Every structure is written in C-alpha cells, then in structure tokens.
Colleague: 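If you scroll down you'll find the structure; I have some questions about it.
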Amino acid sequence: VWGWPEVFPALVGLLLVTGLIMTVTLRFIQMRKLKHSLDVIRGKYDDPEHDGDLSHFQALTTALSATVGIGNIAGVATALHYGGPGALFWMWVTAVFGMALKYAECTLAIKYRVILPDGSASGGPMYYIEKGLGSKWKWLAVMFAACAVISSFGSGNSIQAFTVADQIRADLGVPTWVTGLVTASLVAAVILGGIKRIGNVTSKLVPYMAAIYVVGGLVVLVMNIGHIPGVLSEIITSAFRPAAQIGGFAGGTFLFMLTWGVKRGLFSNESGQGSAPIAHAAAKTDEPVREGVVAMMGPMIDTLIICTITGLVILSTGVW
C-alpha cells in the first residue's frame with residue numbers, strides 16, 4: 001500500500017492532504033489549544049460522575065502505550081537509513097498534521113460512543129462511521145473493525161514482540177520463545193483486567209518509560225552538543241532536495257525520502273489509523289472536544305519529542 005503508484009504513493013498523498021485539510025479547517029487547533037490541552041490532562045476538568053472508565057490522563061497514556069515504542073527507535077532509524085536526514089523533517093510535518101487528525105477522530109469517538117448497561121464505554125471509528133454517516137455506511141464500519149484486528153496483530157504487536165525478542169536473543173542469548181512467553185504473560189495480566197486496569201498500569205508505566213528514554217537521549221545530545229546545529233541544518237536542507245550527495249543511503253530522490261518520512265511518522269503516532277479513538281472513547285467526560293484536545297498531544301509527545309530525540313542522537317553521533 002505504500003508503493004502504489006510508484007510515482008507518488010496514494011496513501012502518502014491521502015495522509016498529508018487529509019491532515020492539511022483538517023489543520024486548515026480547524027484553524028490550526030494544534031497550536032491554538034495547547035494550553036487548554038495541558039489543563040485538561042492535569043485534571044482541571046475531571047469529574048468522577050461523568051460517564052466513562054478512564055481519566056483524561058489515563059486515556060492519553062493508554063493510547064501512548066501503543067504508540068511510544070519500536071516506532072520511536074527502530075522506526076526512526078529505518079527512516080533515516082532509507083530516507084536520509086530529510087526524512088525526519090517529514091516525520092515532523094506528519095506529526096503536526098497528525099495532531100489535527102487525532103483531535104478530529106478522538107472528538108468523534110466521544111461524540112458517538114455507546115455507554116453500556118454496566119456503565120462502561122465503547123467507541124471508535126466503527127461506531128462513528130455507522131452513527132455519524134448513517135446505517136448505509138455500516139459496511140465501512142465493519143470493514144474498519146476487521147482491518148483494525150489484522151493491523152493489531154501486525155503493526156500493533158508482531159513487530160514489537162519480534163524486535164524485543166530478537167534484541168534480547170542477540171545481546172543476552174535468551175531464546176525468543178522465552179521472551180515471547182514472558183511478554184505475553186505480562187501483557188495478558190494487564191489486558192484481562194479490562195480497560196480500567198490497562199489505564200491504571202499505563203498511567204504509571206508510560207510517563208516513566210518516556211522520561212527515562214528522553215533523559216537518556218538528552219544526555220547523549222549534551223555530549224555531542226557541538227554537532228547539533230549542523231545536524232539541524234542538514235535535516236532542513238536535505239528535506240527539499242535529493243540527499244544522495246550528503247550520504248550513501250539507498251534512495252536519493254525527494255519522493256523516496258518523503259514516503260519514508262511520512263510512513264514512519266504514521267507508524268510512530270498512528271494518526272488517522274483509528275486505533276487511538278478506541279482508547280480515548282473510554283475517557284470520563286461529557287465534552288467530546290475536551291478529549292479531542294487531550295488526544296492531539298499524542299503525536300506531539302510521540303513524534304515531535306521522542307522521535308526527534310532518537311533522530312538527533314543517530315545523526316549527531318555519526319551513526320547514520
């Protein structure tokens with residue numbers, strides 16, 4: 001799907017254009033409502049009496065738990081390997097547009113969610129496609145649900161599980177099946193407890209996970225502080241022209257670099273993919289827009305901060 005047509009992949013165009021349309025239509029909501037987003041996340045508008053299962057912060061960390069990971073490390077490395085330094089710039093563009101996309105899809109998730117008899121909430125694209133567009137679009141809602149299941153096994157789980165198991169095997173000699181069994185058991189212990197246990201675990205785990213990685217990356221960047229200005233200049237200049245002269249990477253064409261930047265950006269923050277709205281639909285709120293502004297922080301944290309640190313580390317240390 002990323003390679004057709006070869007001249008300019010349709011999926012890349014759709015993602016960029018849709019993100020641009022949402023950004024312009026919503027009058028750059030990702031810039032205008034940053035402060036409000038932070039106020040909501042820190043609990044200023046939390047009300048235990050509202051329908052839902054998770055606080056705004058727990059909903060955000062639950063969504064981030066699925067996005068902060070392999071895409072921020074191996075994904076960035078792959079983008080730089082194939083697309084050169086300019087690919088990082090297009091990851092930034094994807095993230096900025098992705099903030100508006102994430103705002104829209106998660107606002108819709110709350111607006112069209114269903115509160116079940118036991119008080120729990122269910123929502124996501126399959127709900128707002130059918131309820132928002134009408135019953136004649138139910139086929140599309142079913143198709144999304146089926147594709148989401150397939151995606152959850154592929155990009156959602158298999159890549160992460162393989163990368164962890166393969167790295168531990170290579171570094172420590174632990175058989176991959178042992179790592180897989182331990183990982184699956186830990187994940188099962190969390191998931192089988194339902195969305196509330198997932199929210200409790202991610203709200204404690206994700207902030208520390210992100211903080212440890214960011215601090216580690218910043219230490220490396222401080223050690224290589226003299227290279228940072230040159231690296232930033234290289235990212236910007238190579239974002240708009242073939243970078244074959246700069247390094248020996250595989251592509252060397254603008255579209256090749258753009259494609260790698262956009263697709264790694266999407267894999268990192270999943271904006272527009274439809275997975276995050278399922279998590280955000282469980283938030284305790286009576287205002288759909290309120291959860292939308294919380295959700296848009298996901299691409300900012302995931303791509304603009306964590307992926308940028310990874311990219312700068314790779315480029316400033318000369319590893320690339």
Side-chain angles (χ1 to χ4, degrees), residues 19 22-23 25-69 72 94-115 120-125 127-128 132 195-211 214 265-266 268-307:
M22 297 308 300
T23 297
T25 304
L26 296 168
R27 295 181 293 122
F28 290 86
I29 185 95
Q30 58 269 67
M31 279 75 170
R32 291 191 297 112
K33 294 300 179 183
L34 268 180
K35 182 183 180 300
H36 183 53
S37 177
L38 294 172
D39 286 340
V40 178
I41 291 171
R42 66 185 177 88
K44 184 176 180 179
Y45 301 97
D46 283 359
D47 186 342
E49 299 303 314
H50 286 159
D51 290 330
D53 303 296
L54 306 175
S55 68
H56 293 290
F57 181 69
Q58 288 177 327
L60 177 62
T61 56
T62 299
L64 283 174
S65 69
T67 57
V68 175
N72 303 93
T94 305
V96 172
F97 289 169
M99 289 176 71
L101 268 177
K102 191 84 81 171
Y103 165 86
E105 59 181 346
C106 293
T107 297
L108 290 171
I110 294 290
K111 181 176 175 60
Y112 292 106
R113 70 178 176 179
V114 173
I115 303 299
S120 62
S122 291
Y127 285 87
Y128 61 70
I195 189 66
K196 290 185 178 180
R197 184 183 296 174
I198 294 173
N200 286 331
V201 172
T202 58
S203 65
K204 295 176 177 63
L205 185 65
V206 171
Y208 288 109
M209 175 180 71
V214 168
L266 172 71
S268 168
N269 60 55
E270 298 183 7
S271 293
Q273 187 176 341
S275 53
I278 298 173
H280 283 282
K284 282 182 174 289
T285 184
D286 59 351
E287 290 285 353
V289 167
R290 191 175 291 159
E291 191 58 29
V293 297
V294 170
M296 76 180 187
M297 290 297 289
M300 181 177 180
I301 296 168
D302 182 272
T303 306
L304 291 180
I305 296 176
I306 298 179
C307 284

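Everything numeric here is computed off the predicted structure, so don't read it as measured data.
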Colleague: Please confirm whether the backbone N or O of Gly52 pairs with a side-chain atom of Lys284, one donor and one acceptor, at under 3.5 Å?
Modeller: yes
Colleague: Write down the atom of Met22, the atom of Leu101, and the distance for their closest heavy-atom approach.
Modeller: CG-CD2, 3.9 Å
Colleague: Could you give the distance from CD1 (Ile115) to OG (Ser122), rounded to the nearest 0.5 Å?
Modeller: 8.0 Å
Colleague: Does a donor on one side chain sit under 3.5 Å from an acceptor on the other, for Glu270 and Ser275?
Modeller: yes
Colleague: Say you draw a straight line from OG1 of Thr107 to CZ of Arg290; how long is it, rounded to the nearest 0.5 Å?
Modeller: 12.0 Å
Colleague: To the nearest 0.5 Å, how far apart are CZ in Arg27 and CZ in Arg32?
Modeller: 4.0 Å
Colleague: Would Val96 and Met31 count as a side chain to side chain contact (heavy atoms under 4.5 Å, CB included) here? Give the steps.
Modeller: CA-CA 9 Å; Val96 172; Met31 279 75 170; 4.0 Å; yes
Colleague: Would one find more than 12 heavy atoms of other residues, nucleotides or ligands at under 6.0 Å from atom NZ of Lys33?
Modeller: no
Colleague: First locate atom CD of Glu291, then atom OG of Ser37, and finally report the distance between them rounded to the nearest 0.5 Å.
Modeller: 9.5 Å
Colleague: Could you tell me whether Tyr45 and His36 have their ring centroids closer than 6.0 angstrom?
Modeller: yes
Colleague: How would you list, by chain and number, every residue that makes a side chain to side chain donor-acceptor pair (under 3.5 Å) with Ser65, sequence neighbours excluded?
Modeller: none
Colleague: Less than 4.5 Å apart, side chain to side chain, heavy atoms only: is that true for Phe57 and Pro207?
Modeller: yes
Colleague: Before giving the answer on side chain to side chain contact (heavy atoms under 4.5 Å, CB included), spell out for Thr62 and Leu54 the whole-Å C-alpha distance, their side-chain angles and the decisive distance to 0.1 Å.
Modeller: CA-CA 9 Å; Thr62 299; Leu54 306 175; 3.9 Å; yes
Colleague: Do side-chain atoms of Asn72 reach the backbone of Asp302 as a donor and acceptor pair under 3.5 angstrom?
Modeller: yes
Colleague: Enter the distance from Asn200:CG to Leu205:CG here, rounded to the nearest 0.5 Å.
Modeller: 12.5 Å
Colleague: Taking atom types as modelled, is there a side-chain donor on Ser203 or Thr61 under 3.5 Å from an acceptor on the other?
Modeller: no
Colleague: To the nearest 0.5 Å, what is the distance between NE2 (His50) and CG (Asp286)?
Modeller: 3.5 Å
Colleague: Does the pair Tyr103 and Val289 meet the rule for a side chain to side chain contact (heavy atoms under 4.5 Å, CB included), with working shown?
Modeller: CA-CA 8 Å; Tyr103 165 86; Val289 167; 3.5 Å; yes
Colleague: Identify the heavy atoms of Arg113 and Ala281 that sit nearest to each other, and give their distance.
Modeller: NH1-O, 2.8 Å
Colleague: Please enumerate all residues that pass ring pair (Phe, Tyr, Trp, His ring centres under 6.0 Å) together with Tyr128, with sequence neighbours excluded.
Modeller: none
Colleague: Of all the heavy-atom pairs spanning Leu34 and Met296, show the shortest one and how long it is.
Modeller: N-CE, 4.1 Å
Colleague: Donor-acceptor pair, Ser271 side chain versus Lys102 backbone, under 3.5 Å?
Modeller: no
Colleague: Given side chains that start at C-beta, do those of Ile278 and Pro125 come closer than 4.5 Å, heavy atoms only?
Modeller: yes
Colleague: Side chains of Gln58 and Thr202: closer than 4.5 Å at any heavy-atom pair?
Modeller: no
Colleague: Do you know the tightest heavy-atom contact between Ala95 and Pro299?
Modeller: O-CB, 3.7 Å
Colleague: Kindly give the heavy-atom pair with the smallest separation between Thr23 and Ala100, and that separation in Å.
Modeller: OG1-CB, 3.5 Å
Colleague: Do you know the tightest heavy-atom contact between Ala210 and Ile306?
Modeller: CB-CD1, 4.1 Å
Colleague: Tell me, do Leu38 and Met297 make a side-chain contact under 4.5 Å, heavy atoms counted?
Modeller: yes
Colleague: Tell me, which pairs form a salt bridge (charged side-chain N to carboxylate O under 4.0 Å, His left out) where one or both residues lie in residues 38-65, sequence neighbours left out?
Modeller: Lys35-Asp39, Asp39-Arg42
